[in-house]
Number of protein chains: 2
Amino acid sequence: MMISEKDFSLLLFIAKNAGLNDVVKSSTSEIASELNFSQQTVSRKLSFLAEENLIERKVFADGNILSLTEKGKKILLERKTELDKIFSSKKRIKLSGKTQSGLGEGKYYVNLSGYQKQFKKKLGKKIFPGTLNLKIKELELNEFLSSKEKILVTGFSTEKRSFGPALLFKVKVNGLVDGAIIVPERTNHPSDIIEVISPFFLRKKLKLKDNYLVSLS
Amino acid sequence: MMISEKDFSLLLFIAKNAGLNDVVKSSTSEIASELNFSQQTVSRKLSFLAEENLIERKVFADGNILSLTEKGKKILLERKTELDKIFSSKKRIKLSGKTQSGLGEGKYYVNLSGYQKQFKKKLGKKIFPGTLNLKIKELELNEFLSSKEKILVTGFSTEKRSFGPALLFKVKVNGLVDGAIIVPERTNHPSDIIEVISPFFLRKKLKLKDNYLVSLS
DNA sequence: ATTACTAGTCTTCGAGTAC
DNA sequence: TGTACTCGAAGACTAGTAA
């Protein structure tokens with residue numbers, strides 16, 4: 001079931017006039033002139049909304065008695081929740097860093113299938129087999145990461161050795177490109193270099209060279 | 001300009017992914033599969049939204065960079081405000097009263113064109129030339145009225161005499177019918193009788209006789 | 001890979017009316 | 001007054017395809 005904009009306006013009209021738990025009495029032509037629809041459209045749409053169980057409707061000789069059903073209220077609430085989220089989201093804190101040439105270490109780890117599988121599952125996409133190294137200010141990093149959700153990547157063992165767990169923090173690189181900061185869960189040497197993974201080869205996609213300024217948000 | 005449901009979904013998609021003040025990069029087909037539209041529809045609708053100045057759009061060979069304009073944000077905010085109102089409205093307090101036969105006094109005052117004009121302007125409809133008298137409990141009345149918005153009706157003078165200002169409080173009679181309680185602004189004798197005006201002849205419309213119970217909300 | 005035009009199909013609208 | 005059916009017109013959608 002897909003409700004149209006006009007359907008939604010009608011639902012809103014009923015909600016406004018009846019409230020969530022009361023009824024409103026009105027005729028199709030009265031509603032029509034209020035919403036700038038035709039009388040016929042209101043008639044058709046009221047039937048539809050009642051059929052879909054979004055409203056309760058009783059038709060009398062002099063108009064309709066209308067109220068919202070639980071399902072109707074739910075639809076309105078869903079909309080409200082979506083909009084609330086959009087307007088309540090805090091301003092993104094940004095973190096700036098400068099590109100560094102990596103040692104190829106990141107590439108090795110990120111390529112391990114024990115990690116790759118989890119990246120795909122938790123970030124939704126296959127990750128480019130390499131990392132972008134950024135030099136940042138440690139103090140800023142802590143503040144930045146504390147505003148982000150932690151995603152845990154568990155450790156695993158191969159026949160030869162074991163690999164520790166890590167944390168991912170989703171970011172937008174230069175405001176556009178999806179990526180994630182990856183840090184070992186228990187790092188013994190705090191560092192001012194972070195590694196960013198992404199479905200894309202970031203150096204190429206963003207045309208980066210060493211010592212270029214990159215923003216994460 | 002009337003935006004459709006699909007337009008709105010698209011706007012919402014951009015708002016969710018770009019946030020209010022940032023951009024998002026995506027292709028028409030990517031958005032299409034996300035929203036279950038066709039690629040062509042997304043293309044058409046993005047053009048439309050950009051034309052209507054609801055979004056800013058830059059088209060590149062590998063997709064679009066999209067963000068909300070102030071006008072786009074405003075539309076979302078309007079929706080949010082409407083829904084907030086619906087969900088924040090307190091439960092209506094009700095007031096019960098019993099019908100009384102009036103003295104015809106109310107009818108006289110309500111009929112004066114100096115008042116009638118204001119009724120029409122402030123309540124939106126021509127008022128039936130008569131009042132419904134209800135006997136209520138004064139304590140309940142105060143609480144009830146304090147939850148309502150006051151609408152002021154100004155006094156006026158004719159050649160013969162002058163008429164004082166009054167207050168209106170919009171109500172629903174028996175949960176259905178629009179009406180308003182009217183009280184003189186400076187009443188010298190507090191009373192347990194109130195007068196209700198309405199676009200309709202309430203006694204007839206609600207099939208009332210003396211001493212019938214009527215609810216106001 | 002993209003975006004977006006064309007053209008045919010499907011959906012939705014409202015004027016005219018019936019009841 | 002009401003609601004709501006029919007039916008022709010207008011609008012919106014997508015498959016095919018060009019660029």
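Just so it is clear: chains get the letters A, B, ... in the order the sequence lines come, proteins before strands, and each one is counted from 1. All heavy atoms count here, side chains included; hydrogens, waters and symmetry mates do not. This one's a predicted model, so the numbers in the text were calculated from it and none came from an experiment.
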Test log, rule side-chain contact (heavy atoms from CB on, under 4.5 Å), inputs Phe201(A) and Leu132(A): CA-CA 9 Å; Phe201(A) 183 16; Leu132(A) 179 71; over 6 Å; no

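Using a 4.0 Å heavy-atom cutoff across all strands shown, Ser43(B) reaches at least one base atom of the nucleic acid. Residue Ser4(A) is classed as having no contact, given no heavy-atom separation below 4.0 Å to the nucleic acid.
Counting to the nearest Å, the P atom of dA4(D) and the CD atom of Glu51(A) are 11 Å from each other. The distance between atom CG of Leu46(B) and atom C1' of dA12(D), rounded to the nearest whole Å, is 16 Å. The interatomic distance linking Arg57(B) (CZ) with dT2(C) (P) rounds to 13 Å, in whole Å. As rounded to whole Å, 17 Å separates atom P of dG11(D) from atom CD of Glu5(A). The nearest whole Å value for the distance from the CG atom in Leu10(A) to the C1' atom in dC13(C) is 14 Å. Here the P atom of nucleotide dC13(D) and the NZ atom of Lys45(B) are 4 Å apart, to the nearest Å. We find that CG of Leu35(A) is positioned 11 Å from P of dG14(C), with the value rounded to whole Å. Ile31(B) places its CD1 atom 12 Å from the P atom of dA4(C), with the value rounded to the nearest Å.
Within the helix from dT2(C)-dA19(D) to dC19(C)-dG2(D), the inter-axis angle between the opening and closing five-pair segments is 30°, rounded to 10°.
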Sugar-phosphate means primed atoms, P, OP1 and OP2; the rest is base. With that split, encode nucleotides 14-19 of chain D 5' to 3' as B, S or - using protein heavy atoms under 4.0 Å. BBB---

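The closest side-chain donor-acceptor pair between Asp7(A) and Ser4(A) falls under 3.5 angstrom. Side-chain contact, Arg44(B) with Thr41(B): a donor N or O sits under 3.5 Å from an acceptor N or O. A donor atom on one side chain and an acceptor atom on the other are found under 3.5 Å apart for Asn21(B) and Lys73(B).
Taking all atoms of both residues into account, the shortest heavy-atom contact from Leu208(A) to Leu202(A) is CD1-O, 4.0 Å.
Remark: Ser29(B) is in phosphate contact with dT2(C), judged by side-chain N or O atoms under 4.0 Å from OP1 or OP2. Asn64(A) has a side-chain polar atom (N or O) that falls below the 4.0 Å cut-off from OP1 or OP2 of dT3(D).
In this structure, the side chains of Asp192(B) and Leu141(B) stay at 4.5 Å or more apart for every pair of heavy atoms.
Ring-plane geometry between Phe156(B) and Tyr115(B) is classed as perpendicular, the angle between the planes exceeding 60 degrees on a 0 to 90 degree scale with a lower cut at 30.
Nearest nucleotide to the side chain of Ser47(A), out of dA4(D), dT3(C), dT3(D): dA4(D).
Taken to the nearest 0.5 Å, the CD1 atom of Ile197(B) stands 11.5 Å off from the CG atom of Asp178(B). To the nearest 0.5 Å, the span separating CG on Leu49(B) from CG on Leu66(B) amounts to 9.5 Å.
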